[in-house]
Number of protein chains: 2
Amino acid sequence: MSQDLPTTSYALLGLLTFGDDLTGYELKQRADRTLRFYWVSPAMSQVYTELERLTDHGLVSPREAGPNQKSSKYRITAKGRRELTRWLEEAPAGFPTLKHPVALRLLVGHLVDPSRTRALLRSHLDELAAHRADLEGVRESLVGRDAPGDAFRYPSLVADWGLEYLAGEQAIIEKLLQRLDEEG
Amino acid sequence: MSQDLPTTSYALLGLLTFGDDLTGYELKQRADRTLRFYWVSPAMSQVYTELERLTDHGLVSPREAGPNQKSSKYRITAKGRRELTRWLEEAPAGFPTLKHPVALRLLVGHLVDPSRTRALLRSHLDELAAHRADLEGVRESLVGRDAPGDAFRYPSLVADWGLEYLAGEQAIIEKLLQRLDEEG
DNA sequence: GCGTAGTGTTCCTGACTGGAACAATCACCC
DNA sequence: GGGTGATTGTTCCAGTCAGGAACACTACGC
């Protein structure tokens, strides 16, 4: 494997390193629960595309559906684990990319009435609070579990990171709102 | 215009509301300088695709290249301004999406040696500092300018937002590093 | 026995990235 | 004056990816 796969492949591969075999559907759920705070959760269709790709490369293998199961679960192979580790060690991380629709709208705030901009920021605050509640739930569910090799330590760290990030953004938006109120 | 264009269209359209006519190339530069901190900067090829689309919809119009100019500059039309305003008022903002390669790697940190993870975080700190210096430059260049209707007030606000965000992330990463050091 | 919510998968369209390729202009140095 | 390299400027292509529609099967309550 000399060439990197798309990052989404490694993200999904990573979700399979915590000891569970997952179907495409479960993988998507797992991504929505844990990954989406730091990496845009791939569309359902994309998950299946990736599983096919990963199977072709021998990085995961389907455990054929038994008589009781609806569909096949995927397990990461030894080669998959090696490739993921190689990627972690060799591929440079690059900088985060962000699509922030609220910031984008604020940037052209001069086109609309200031009251509208304030409403936008207030509704963003609400969404931040909801997001934070979600992530707190995730964090708690992680603390309870254990996995081979203390694997859940890092997801916990990342969840804490996310929570602090959200708290920070809340504080920033509140300050911005205050400035908008004061400056008229 | 009953249907929304892709968000990238509005982002580029927004860059044309600050009083300058820009070529595709200049538009890309502008996006790299100001937009990229909040909205992933579109590829060069995408900028030209968008300009074509916006022209087709009558939202921008090319000012034909005079004898001294290399290429045509684009100006936002009255219709373009109306459409951007309509979008601001009608289209819901949605939640930010993030691709954070450092968080993604930290999530599967159990696969590699902890020293490698620490090195990853430290190098991210360096990048954050560089990013912050860039953004400080942008912020200063905004303060000096003025535009019709106090248009640069909002980009200044957004730049402040970005700076606080970066400072916050720096603090979080430093705390994470400390925890990794303490816990072994 | 019937609706509806959840599980599970596939397909298609269009958005978007990244890189390669091309060409013209300008500055600089030898 | 001629090379060399950076900057401006644009186009094309392959492949990634998102979003939504469509489909089917199972479980549960009424």
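Residue numbers begin at 1 in each chain, while the letters A, B, ... track the order of the sequences. Values below: every heavy atom of this structure, side chains too, minus hydrogens, waters and symmetry copies.
- Comparing B:E26 and B:K99 by the nucleotide of DNA chain D whose heavy atom lies nearest to each, the residue mapping closer to the 5' end is B:E26.
- The phosphate of D:dT8 has OP1 or OP2 within less than 4.0 Å of a side-chain N or O from B:Q29.
- The interatomic distance linking B:D4 (CG) with D:dA18 (P) rounds to 20 Å, in whole Å.
- Straight-line distance from the CZ atom of A:R30 to the P atom of C:dG8: 13 Å, rounded to whole Å.
- Distance, B:L51 CG to D:dT11 C1': 14 Å, rounded to whole Å.
- For the OP1/OP2 pair of C:dT9 and a distance below 4.0 Å, the side-chain nitrogens and oxygens of A:Y48 include at least one atom meeting the criterion.
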Show me the side-chain donor-acceptor pairs of residues 91-106 of chain B shorter than 3.5 Å, one per line, residues at least two apart or across chains.
residue, atom, partner, partner atom, Å
B:H100, ND1, B:V102, N, 3.3
B:H100, ND1, B:A103, N, 3.4
B:H100, NE2, B:E169, OE2, 2.8
B:R105, NH1, B:P101, O, 3.2
B:R105, NH2, A:A91, O, 3.3
B:R105, NH2, A:P92, O, 3.3

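- Here A:R53 does not reach the OP1 or OP2 of D:dG15: none of its side-chain N or O atoms lies under 4.0 Å away.
- A:E50 comes within 4.0 angstrom of the backbone, heavy atoms only, and of no base.
- Between A:R36 and A:D134 there is a salt bridge, with a side-chain nitrogen of the basic residue lying less than 4.0 Å from a carboxylate oxygen of the acidic one.
- As rounded to whole Å, 16 Å separates atom C1' of D:dA18 from atom CG of A:L35.
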Look for any protein N or O under 3.5 Å of an N or O in nucleotides 18-20 of chain C and output each such pair with its distance, or none.
residue, atom, partner, partner atom, Å
C:dG18, O6, B:S45, OG, 2.9

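- Between B:E52 atom CD and D:dG9 atom C1' the separation is 16 Å, expressed in whole Å.
- A donor-acceptor contact closer than 3.5 angstrom is absent between the side chains of B:Q170 and B:E174.
- Distance NZ (A:K73) to P (C:dT9): 10 Å, rounded to an integer number of Å.
- Distance B:K28 NZ to C:dC16 P: 13 Å, rounded to the nearest Å.
- Remark: B:R116 engages A:E89 in a salt bridge (Lys or Arg N to Asp or Glu O under 4.0 Å) (not counting sequence neighbours).
- Not a single salt bridge (Lys or Arg N to Asp or Glu O under 4.0 Å) links B:R132 to another residue, sequence neighbours left out.
- Taking A:P62 as the reference, A:T55, A:E64, A:S72, A:Y74 meet the side chain to side chain contact (heavy atoms under 4.5 Å, CB included) condition, with sequence neighbours excluded.
- The side chain of A:Y25 lies closest to C:dT9 when the candidates are C:dT9, D:dT8, C:dC16.
- Residues forming a side chain to side chain contact (heavy atoms under 4.5 Å, CB included) with A:T77 (at least two apart in sequence, or on another chain): A:S61, A:K79.
- Put simply, CG on A:D32 is 14 Å from P on C:dG6, counting in whole angstrom units.
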